[in-house]
Amino acid sequence: MAGDLEAASEAYRAALQRVQDGLAEVASARADVPKVRERLAVAIVAAYQNGARVGEIARVAGYGREQVRRILRAAGVESGKTGDA
């Protein structure tokens, strides 16, 4: 019985540690989101200025077309009809 109790206690402590490690990983990932979002916005603007179409940018970025247009407007770039399809 003592062996089973010790094993169960150790498994419980290990599970708690995995939760703590996971929470730390989530916190780290959340801290990275603003930086990588800005990097993506810069890449979206560059892609558009290099001739990529809004629809293609949206597909690759995982955003909707309107979100891509918002990012372009925020950067001072107006998406015109010629690059939107």
Side-chain angles (χ1 to χ4, degrees):
M1 179 166 144
D4 189 41
L5 177 60
E6 288 176 13
S9 294
E10 181 58 33
Y12 178 70
R13 284 191 295 275
L16 286 177
Q17 184 59 52
R18 288 194 313 272
V19 168
Q20 289 301 316
D21 293 345
L23 291 174
E25 181 67 24
V26 167
S28 176
R30 282 188 177 154
D32 289 343
V33 167
K35 292 177 279 191
V36 296
R37 185 180 292 137
E38 179 60 28
R39 179 179 170 196
L40 180 56
V42 168
I44 285 171
V45 171
Y48 185 78
Q49 290 174 332
N50 288 323
R53 302 178 106 180
V54 169
E56 179 65 12
I57 294 169
R59 185 187 66 76
V60 172
Y63 285 151
R65 291 177 184 193
E66 188 52 38
Q67 181 63 27
V68 171
R69 289 183 191 105
R70 280 189 216 113
I71 291 166
L72 292 172
R73 282 192 299 272
V77 177
E78 284 296 324
S79 61
K81 295 289 182 199
T82 59
D84 282 351

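Between I44 atom CD1 and R37 atom CZ the span is 11.0 Å, to the nearest 0.5 Å. Note that the CD atom of E25 and the CZ atom of R18 stand 15.0 Å from one another [nearest 0.5 Å]. The line from NZ of K35 to CG of L40 is 15.5 Å long, rounded to the nearest 0.5 Å.
The local environment of CZ in R70 is crowded, with over 12 non-hydrogen atoms from other residues, nucleotides or ligands closer than 6.0 Å. Within a 6.0 Å sphere centred on CZ of R39, other residues, nucleotides and ligands contribute 12 heavy atoms or fewer.
At a threshold of 4.0 Å, the pair R53-E56 does not count as salt-bridged, since none of the basic side-chain nitrogens sits closer than that to a carboxylate oxygen. We find that R73 and E66 are joined by a salt bridge, their nearest charged nitrogen and carboxylate oxygen being less than 4.0 Å apart.
Side-chain contact between V68 and Y48: absent, with no pair of heavy atoms (C-beta onward) separated by less than 4.5 Å. Considering only heavy atoms from C-beta on, I71 comes within 4.5 Å of Y63 through its side chain.
Using a distance-only test at 3.5 Å, with no hydrogens or angles considered, a donor-acceptor pair links the side chain of S9 to the main chain of L5.
Here the closest heavy-atom approach between residue A58 and residue R65 is recorded as CB-N, 3.9 Å.
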### Task
Go through the steps to decide whether V54 and R69 satisfy the test side chain to side chain contact (heavy atoms under 4.5 Å, CB included), and finish with yes or no.
CA-CA 7 Å; V54 169; R69 289 183 191 105; 4.2 Å; yes
